[in-house]
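Note that the structure is predicted; figures quoted are calculated from it, not measured.
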Amino acid sequence: MMIIKKPSAVYSIATCPDGKQVVSGSEDKTVCIWDALTGDLVKKLKGHTDYVQSVATSPDGKQVVSGSEDKTVCIWDALTGDLVKELKGHTDYVQSGAFSPDGKQVVSGSVDKTVCIWDAFTGDLVKELKGHTYYVQSVVFSPDGKQVVSGSFDKTVCIWNALINWPI
């Protein structure tokens, strides 16, 4: 077992597809990329202005998406650590985020009760999905990318058609 020490609480963890790196999102407003073999810090990504609640990696491992209590979703270059896109549209904390299987879209879920689908290249909001009556805590694309699944504090799981704006 290896223990990586952080100076603040860790809210989210993801592994890169090749298993060589681990990504963390933390209370100190940073996204960190760690070497999974040595535990060494590879990159510290700074840009959020509040706690980072969620991190996920793109299918090719070249990008990281993070969601924060600053109400933004950020897409980062995992190699350089550069901020690629800052996605604004949520009106409250972003609790969860994920890439589509092809890496072309990002989905985010928020305390504002919405699920947003974004174009990962342009940063444009593609769809805002409404249906939850309380915080959206978790979101993910289906393996074929045709559906988005969201879980909420309203005690529901919604399965959305990623191409049309209503639950299945």
Side-chain angles (χ1 to χ4, degrees), residues 10-26 30-37 42-43 45 47-48 52-68 71-90 93-132 135-154 156-168:
V10 176
Y11 290 144
S12 185
I13 290 287
T15 58
C16 292
D18 64 7
K20 294 180 181 179
Q21 294 180 325
V22 174
V23 181
S24 64
S26 302
T30 65
V31 174
C32 292
I33 301 174
W34 307 89
D35 184 296
L37 186 60
V42 176
K43 294 267 185 247
L45 315 179
H48 284 295
V52 177
Q53 290 285 353
S54 175
V55 293
T57 58
S58 61
D60 62 8
K62 294 180 179 178
Q63 293 186 316
V64 172
V65 64
S66 58
S68 170
K71 306 175 190 171
T72 67
V73 176
C74 290
I75 300 174
W76 308 88
D77 184 303
L79 183 61
T80 66
D82 293 337
L83 179 61
V84 177
K85 295 283 178 197
E86 183 179 47
L87 313 177
K88 294 182 178 181
H90 284 293
Y93 303 164
V94 178
Q95 297 292 95
S96 184
F99 279 95
S100 60
D102 63 8
K104 294 180 180 178
Q105 294 183 318
V106 167
V107 63
S108 58
S110 171
V111 171
D112 68 10
K113 307 174 196 169
T114 66
V115 174
C116 290
I117 300 174
W118 310 85
D119 184 298
F121 300 109
T122 66
D124 292 339
L125 179 62
V126 176
K127 286 188 178 52
E128 183 179 54
L129 306 171
K130 295 181 179 182
H132 285 291
Y135 306 166
V136 177
Q137 187 64 25
S138 186
V139 293
V140 67
F141 275 94
S142 62
D144 64 6
K146 293 180 181 177
Q147 297 172 325
V148 167
V149 182
S150 57
S152 170
F153 275 42
D154 66 9
T156 65
V157 173
C158 287
I159 302 170
W160 307 88
N161 184 326
L163 307 175
I164 301 171
N165 188 11
W166 64 75
I168 292 176

Please report the interatomic distance [atom1]([X]) to [atom2]([Y]), rounded to the nearest 0.5 Å.
X: Q63; Y: D82; atom1: CD; atom2: CG; result: 11.0 Å
X: C158; Y: K130; atom1: SG; atom2: NZ; result: 14.5 Å
X: Q53; Y: S12; atom1: CD; atom2: OG; result: 8.5 Å
X: K85; Y: D119; atom1: NZ; atom2: CG; result: 9.0 Å

Side chain proximity check, [X] to [Y], heavy atoms < 4.5 angstrom:
X: V94; Y: S68; answer: no
X: K62; Y: L79; answer: no
X: S100; Y: V107; answer: no

**Asked** So among L125, T114, V136, V115, which one has a side chain to side chain contact (heavy atoms under 4.5 Å, CB included) with H90?
**Response**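 Option passing the side chain to side chain contact (heavy atoms under 4.5 Å, CB included) with H90: T114.
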So which heavy atom on [X] is nearest to which on [Y], and how close?
X: S58; Y: D60; result: OG-OD1, 2.7 Å
X: F99; Y: A56; result: CE1-O, 4.1 Å
X: G61; Y: A78; result: O-CB, 3.6 Å
X: P17; Y: P59; result: CG-O, 3.1 Å
X: E128; Y: C116; result: CG-SG, 4.1 Å
X: A162; Y: F141; result: CB-CE2, 4.4 Å

**Request:** Given side-chain contact (heavy atoms from CB on, under 4.5 Å), test S24 with V55 step by step and report yes or no.
**Result:** CA-CA 7 Å; S24 64; V55 293; 5.7 Å; no
**Request:** May I ask you to decide if the ring planes of F153 and Y135 are parallel, tilted or perpendicular, using 30° and 60° as cut-offs?
**Result:**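 Taking Y135 first and then F153, their aromatic rings sit tilted (interplane angle of 30° to 60°).
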**Prompt:** Would I33 and L45 count as a side-chain contact (heavy atoms from CB on, under 4.5 Å) if you check the C-alpha gap in whole Å, the side-chain angles of each, and the deciding distance to 0.1 Å?
**Reply:** CA-CA 8 Å; I33 301 174; L45 315 179; 4.2 Å; yes
**Request:** Check the pair V139 / S150 against side-chain contact (heavy atoms from CB on, under 4.5 Å), numbers first and verdict last.
**Result:** CA-CA 4 Å; V139 293; S150 57; 3.9 Å; yes
**Prompt:** Within the distance-only criterion (no hydrogens, no angle test), does the side chain of T15 pair as donor or acceptor with the backbone N or O of V22 below 3.5 angstrom?
**Reply:**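 Pair absent, no side-chain N/O of T15 close to backbone of V22.
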